Amino acid sequence: MALLDIRNLRVEFRTAQGLFPAVDGIDLTVDEGELLGVVGESGSGKSVTMLALMGLLPWTANVTADRMEFAGRDMLSIPPRERRRLTGAEMAMIFQEPMSSLNPCFTVGFQLTEAIKVHQGGTRRQRRDQAAELLQQVGIPSAASRLSAFPHQLSGGMNQRVMIAMAIACNPKLLIADEPTTALDVTIQAQILDLLVQLQRERGMALILITHDMAVVAETARRVNVMYAGQQVETRPVDSLFDNPRHPYTAALLDALPERASGKTRLPTIPGVVPGIADRPGGCLFHPRCRFAQQRCKTNRPELESDRDGRVRCFFPLDRGEPTDWPEDAESRGSAA
Amino acid sequence: MFRFAITRIAVLLPTFIGVTVIAFSLIRLIPGDPVELLAGERGISAERHAKLMQEMGLDRPLHEQYLTFILDVFQGDLGKSIRTKTPVSEEFFALFPATVELSLCALLFAVAIGLPAGVLAGVRRGKVFDHSVMTVSLAGYSMPIFWWGLLLIILFSGTLGWTPVSGRISVMHFIEPITGFMLIDTLLQGNYAAFNSAVRHLILPAVVLGTIPLAVIARQTRSAMIEVLGEDYVRTARAKGLPPWRIVGLHALRNALIPVVTVIGLQVGLLFSGAILTETIFAWPGIGKWLVDSIHRRDYPSVQGGLLLVASTVMIVNLIVDLLYGLINPRIRHAR
Ligand SMILES: Nc1ncnc2c1ncn2[C@@H]1O[C@H](COP(=O)(O)OP(=O)(O)OP(=O)(O)O)[C@@H](O)[C@H]1O
Ligand SMILES: [Mg+2]
């Protein structure tokens, strides 16, 4: 049985312009000890999906799902008190902005021991020792003396390490890392990613790594989930996804990787942006930006269909860069923008 | 932190000089002079008037008078009251505890109610409780003090007869001042009947004086709370699975307090100005009432000395608040 099993998750925000489906039918399964990569441009609903699982969305959000189970427990109907016992203990999350994610008024040690205190208890001394050890494990030098530091006295990378220490303090079964390196500079990014992957292996915990960088996914994950405008468009093992992407959006993301653009003078980009609240198109959400869009793509919305080793949401999935199952009268090829 | 304190203190000196100028000149801008008012209805001959003015040094040019005043001030001498011939500082400090007692109780009332109300309104933003708090505090803020005081007197002292109309304590009790704080002195002397009387005298003035600060504190707390509750670190606290009281009462409130403490500090100035009205309404024998009386008699030394002491008190309190601000906000504490 999977550690995490989410079926048909929908999150709608009540906004001034009406209901906005930020997440629209996401399926997500994660096995124990698995490293799942989730990619997608800004605004594709990656964070909202995870916040829904953690129960951290604001009250304007309306969460529904056919199923949302974590470690055999139904997270949709779980009472708040029991949910609090899980969050921070069995499933933990770290965020994009390390500098603002720690409370400026409390020391690193206080915030770290607090997590331990709430879930495990123990004596003050034990908690303090454990906190120092955790800081050491996440690679903070002279860990014990950093316990009395305030977040603003540490760098962004250090703060993210503290966040990681806090998240793994209670040995979670699942760690969600929501773009943990986006706010950091490049050299630190690699260190933090290495640290996360190393901790995941050592502790055998499942890790959901959210990013909009395909290269990061290639280096770390076993399986990838590609999201677009609140929907899942493709999911499959990393190797085959990189080898033969089937959704045009995945293919476009991969084409935009510098490593794969050898010989070209300019990196290909995907024209346009992820549709926001006011401009969700009819039909396939990606069709305005799709090179291969057909008439059918503009009127009908494709379902997420299983194929060889994964699933894809496209009427004409690619095979080696060429669309399959095209209609006979496909003279309209390339007619889309 | 040390440099922070030093710069704060350095700023006070020019402010202090400014206050002496204002205190000195304002009272002299009002028509009439002390001699005229001492003489009263009977009037006074021009020669005698001139002679008395000369005796008091009031015939000299203004800048000379000011110089004498400020030189004396720096020697700790505020002069003698024209009316009573006792040193101004002596009169002031005899009455000061009454005003401090009233102001502290008013502030306590304002914080004890305004802070929790603001926190709860912030947490329940947009709900009925929030709207009620905001409406009531707007009403409280807009209520003129003398009108509000009279309303309460009519209701509680008049109709219901629960509280006395004026004064600090019933005339039946004689309390030898020890600290000057009636609540403390009565307790020190073990006179519980007197304590009871003092409390009942204090309630209405404290409520009246505390109403505007209460409204200000409630609103500031609410908006600070709303802002802080949307911060990333509150989300982190929730992601740790902390109980709600800990998230609101510790992680959020600790940060929300930073602006709120500043606002509470600013209320001290407001309390002193409010005390002047409140003490007049309730015949509360404090600095406010004394200042008003002194102004009526053009008692120049009392007014300028009294104003100076009041302003200094406000400045010192604000300084303490500033330093406190540094203590509760680690980011300032460590800024060199
Ligand atoms: N509280 C909210 N109220 C209304 N809309 C929201 C709210 N939070 C997120 N959204 C919308 O939901 C959509 C998905 O947002 P989300 O933060 O999940 O994107 P993301 O994939 O994590 O992007 P990024 O890479 O920038 O983090 C966006 O269009 C965003 O505007
Ligand atoms: Mg995000």
Side-chain angles (χ1 to χ4, degrees), chain A residues 47 50-51 53-60 80-108 110-120 148-154 159 162-163 166-167 169-170 172 175-176 178 183, chain B residues 1 4 115 119-131 221 224-262 323-336:
Chain A
S47 301
M50 299 308 153
L51 293 175
L53 169 63
M54 296 283 292
L56 295 178
L57 286 171
W59 59 276
T60 51
R81 178 183 286 268
E82 250 176 74
R83 179 189 275 283
R84 286 202 300 276
R85 277 226 302 275
L86 290 184
T87 41
E90 294 195 18
M91 59 181 178
M93 184 160 176
I94 60 176
F95 304 95
Q96 188 167 336
E97 287 289 341
M99 292 310 266
S100 57
S101 290
L102 287 165
N103 194 324
C105 282
F106 297 102
T107 62
V108 163
F110 177 88
Q111 298 185 56
L112 197 46
T113 47
E114 181 182 38
I116 304 171
K117 181 177 166 188
V118 166
H119 293 292
Q120 297 180 345
S148 52
F150 284 90
H152 66 269
Q153 295 172 309
L154 302 179
N159 273 323
V162 172
M163 283 296 289
M166 220 153 74
C170 301
L175 175 63
I176 302 167
D178 187 357
Chain B
M1 185 64 194
F4 176 71
L115 201 69
V119 168
L120 222 62
V123 172
R124 303 194 176 269
R125 163 149 77 135
K127 306 266 169 65
V128 178
F129 182 80
D130 180 23
H131 290 307
T221 308
M225 209 61 199
I226 286 175
E227 192 182 322
V228 164
L229 283 175
E231 293 284 346
D232 285 352
Y233 51 77
V234 170
R235 187 182 58 191
T236 306
R238 292 206 284 145
K240 289 203 283 194
L242 303 183
W245 66 263
R246 207 178 160 100
I247 296 170
V248 172
L250 196 70
H251 283 264
L253 184 59
R254 182 64 210 273
N255 285 276
L257 271 186
I258 294 172
V260 171
V261 163
T262 314
L323 297 181
L324 209 65
Y325 185 84
L327 273 185
I328 63 169
N329 188 348
R331 274 172 295 191
I332 287 206
R333 197 185 323 155
H334 295 112
R336 264 157 293 139

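Quick caveat, the model's predicted, so the values are computed rather than measured. Lettering follows sequence order; numbering is per chain, from 1.
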Segment of [X] engaging chain B (4.5 angstrom heavy-atom cut-off):
X	value
A/M99	neither
A/L56	both
A/L51	side chain
A/I116	neither

(message) If I take atom CZ from residue A/R84 and atom CZ from residue B/R246, how far apart are they, to the nearest 0.5 angstrom?
(response) 12.5 Å
(request) Supply the atom-to-atom distance B/L327 CG to B/I258 CD1, rounded to the nearest 0.5 angstrom. (result)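 Between atom CG of B/L327 and atom CD1 of B/I258 there are 11.5 Å.
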(message) How close do B/I328 and A/C105 get, counting heavy atoms only, and between which atoms?
(response)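 Minimum heavy-atom contact is O-SG, 4.0 Å.
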(message) How close do A/S101 and A/F95 get, counting heavy atoms only, and between which atoms?
(response) OG-CB, 3.7 Å
(message) With chain B as the partner, which of A/M166, A/Q96, A/M93 has the greatest number of non-hydrogen pairs under 4.5 Å?
(response) A/M166
(message) Heavy-atom pairs under 4.5 Å with chain B: which of A/V118, A/L86, A/N103 has the most?
(response)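 Of the candidates given, the most pairs with chain B belong to A/N103.
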(request) Could you name each residue pair satisfying salt bridge (charged side-chain N to carboxylate O under 4.0 Å, His left out) that touches residues 90-100 of chain A, not counting sequence neighbours? (result) A/R73-A/E90, A/E90-A/K173
(request) Measure distances from B/L229 to the heavy atoms of chain A and classify the residue's part below 4.5 Å as side chain, backbone, both or neither. (result) neither
(request) Report the residues that fulfil side-chain hydrogen bond (donor to acceptor under 3.5 Å, both in side chains) with A/Q111, sequence neighbours left out, ordered by chain and then residue number. (result) none
(request) Heavy atoms only, distances under 4.5 angstrom: which of B/A237, B/G230, B/G241 has the most pairs with chain A? Name it, please. (result)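 Of B/A237, B/G230, B/G241, B/G241 has the most heavy-atom pairs under 4.5 Å with chain A.
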